[in-house]
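Chain A is the first sequence line, chain B the second, and so forth, proteins listed ahead of strands; every chain is numbered from 1. Atom set for the values below is all heavy atoms of this structure, side chains included, hydrogens, waters and symmetry mates excluded.
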Amino acid sequence: MKTEKGNPDISIGYACLAVGVPNTEQRSCILKNATGEKLAEIIGHNLDALEKIMEYNSRNGIRLFRISSDLIPFGSSPVNQLDWDRMFERRFQAIGGQIRTGGIRVSMHPGQYTVLNSPDPGVVERAVDDLRYHCRVLSALGADASAKIILHVGGIYNDKKTAVKRFTTNWRQLDDGIKRRLVIENDDKCFNIADILEISAATGIPAIYDNLHNAVKPADPAADDLYWIKECAATWSAGDGAQKIHYSQQNPNKKPGSHTGTIAIDGFLDFYRRIDGRCVDIMLEVKDKNLSAVKCILCTTPVRQIRNIETEWGRYKYAVLERSPSAYSRIRELLKDKSGYPAVEFYRLVEEALGSEITAGNAVNAAQHVWGYFKDIADAKEKQAIEKDLALLAGSQSSSAAIKRKLWKLAVKYNSAYLLDSLYFIL
DNA sequence: TGACGTCAAGATCCG
DNA sequence: CGGATCTTGACGTCA
């Protein structure tokens, strides 16, 4: 099966939220405000947002996406008594239809606080409730068994053997509906990938390999990523869909295990080349989410259409200009040849630019470019406000935050679709 | 008891 | 009063 964009054998995706995509923000509430009315309102909003995210995913050839556990506020808590899958049945079905039409594979990932192997029966009970909740979301969407729920094994409690035993015992008691979706992943503290494979061998649960967790807590320093990916491949059966792995890079300025702001393209391509040809879905874990997913897809897809790079350039343009006029002009040169497909070179320059500091002069220059969209249509008051902010910015008396806010309002008011998608306002 | 991770909501302060 | 900035929430484990 060939789709418009992307290698049909490898899907690359991102988790939970779409950076810089309008109207995709998830909402939440705190416990004391969680009335039925409030919860229903937030669920409705979050489903609208999810629908927008799926539209974005389809438009951008993204065929792998993790749905946020916060889609339904207090989804696994008795505080939320709503029959939400019935109440919003049509909405779920519509989004499920989008997912299937887009050929998108979805998953969910309960956080570090869902602990199936806890010695505390109350904690286990809540973990089971939480798994049931995640299952309920995926079932409401009509997703098949390839839509997985990714779980960590839990804690050690001074006795790893017993902790593993408790995990498998509790796993056996889960409903079949949960079991068919549940997969386990190595973590960076307690259970390394060899532990996961052992549990997998004993239970048949598919194993997810996370490269960064393994780098922090290696099972065997002599074994490389490909070795573990091959080992995990054998744990995935036909009904499970393609093997899934997690890929991320270490943020050099933060503690071991912390993700980077963006996926550095050269590091990713090194990794990708080593696993190319394997039928693997890659979930990226990174702060800039969809931006890195699009980057990695465009740099690996056999469908090499320069207009897809140009679309991304349109979004990055002013964020690049604000940091590096030099990279800006080099990218313009790069994209002049319409017969080429310089995706990797493009992203290298974007990474170089986004890694640069914003100077006052460059901030003024970029703001003036954006202001150019409005200077002839704005009213006198708007003009005066922008002129004032430009002067402050030029004299280093303010950051670009104030003028960006005003320019964003103008983009909304005059409905400039091009600028509403611009990362100038986001990065 | 606080750190861990994660994101918005909520709270507070400012002009 | 709108907007900027700081704090809290919600979860379980472990030092």
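Sequence order on DNA chain B of the closest nucleotides to A/Lys287 and A/Ile30 puts A/Lys287 first from the 5' end. Nucleotides of DNA chain C nearest to A/Ser28 and A/Asp120 differ in position, and the one nearer the 5' end is that of A/Ser28.
Among the atoms of the strands shown, only primed sugar atoms or phosphate atoms (P, OP1, OP2) are found under 4.0 Å from some heavy atom of A/Ser118. Looking at heavy-atom distances under 4.0 Å, A/Lys409 makes contact with sugar-phosphate atoms alone, never a base. Using a 4.0 Å heavy-atom cutoff across all strands shown, A/Asp130 reaches no nucleic acid atom at all. A/Gly155 comes within 4.0 angstrom of sugar-phosphate atoms only, judged by non-hydrogen atoms across all strands, and of no base. If you check every strand for non-hydrogen atoms under 4.0 Å, A/Lys32 touches sugar and phosphate atoms only.
Whole-Å rounding puts the A/Ile403 CD1 to C/dG3 C1' distance at 17 Å. At whole-Å resolution of the value, OH in A/Tyr113 and P in B/dA3 are 12 Å apart. Nucleotide B/dC4 holds its P atom 15 Å from the NE2 atom of A/His259, rounded to whole Å. Taking atom CZ on A/Arg66 and atom C1' on B/dG5, their separation rounds to 13 Å, with Å as the unit. Atom P of nucleotide C/dC11 and atom CD of A/Glu125 are separated by 14 Å, given to the nearest angstrom. The CG atom of A/Asp70 sits 9 Å away from the C1' atom of B/dA8 (whole-angstrom rounding). To the nearest angstrom, P of C/dT13 lies 11 Å from CD of A/Gln112. Protein atom CG of A/Leu131 is 13 Å distant from nucleotide atom P of C/dG12, rounded to whole Å.
Using a 4.0 Å cut-off, some side-chain N or O of A/Lys289 falls inside it from OP1 or OP2 of B/dC7. Remark: A/Arg27 is in phosphate contact with B/dA9, judged by side-chain N or O atoms under 4.0 Å from OP1 or OP2. Phosphate proximity of C/dG2 to A/Lys406: absent, as no side-chain N or O sits under 4.0 Å from OP1 or OP2. For the pair A/Lys255 and B/dC4, the criterion of a side-chain N or O lying under 4.0 Å from OP1 or OP2 is met. Close to B/dG10, at under 4.0 Å from its OP1 or OP2, lies a side-chain N or O of A/Asn33.
Checked against C/dA10, B/dC7, C/dG12, the side chain of A/Leu17 finds its nearest nucleotide in B/dC7. Of the candidate nucleotides B/dG5, C/dA10, C/dG12, C/dA10 has the atom nearest to the side chain of A/Phe74.
Between A/Arg126 and A/Asp129 there is no salt bridge, since no side-chain nitrogen of the basic residue lies less than 4.0 Å from a carboxylate oxygen of the acidic one. Using a 4.0 Å cut-off between a side-chain N of Lys or Arg and a carboxylate O of Asp or Glu, A/Asp195 and A/Lys160 qualify as a salt bridge.
A/Thr114 and A/Asp130 share a side-chain donor-acceptor pair at under 3.5 Å. Counted by atom type alone, A/Ser146 and A/Asp144 present one or more donor-acceptor pairs between their side chains at under 3.5 Å.
With respect to A/Asp281, the salt bridge (charged side-chain N to carboxylate O under 4.0 Å, His left out) criterion is satisfied by exactly one of A/Arg63, A/Arg105, A/Lys244, A/Lys148: A/Arg105.
A donor-acceptor pair under 3.5 Å is formed between the side chain of A/Thr101 and the backbone N or O of A/Gly97.
Donor-acceptor pairing under 3.5 Å, judged by distance alone, is absent between the side chain of A/Tyr157 and the base of C/dG12.
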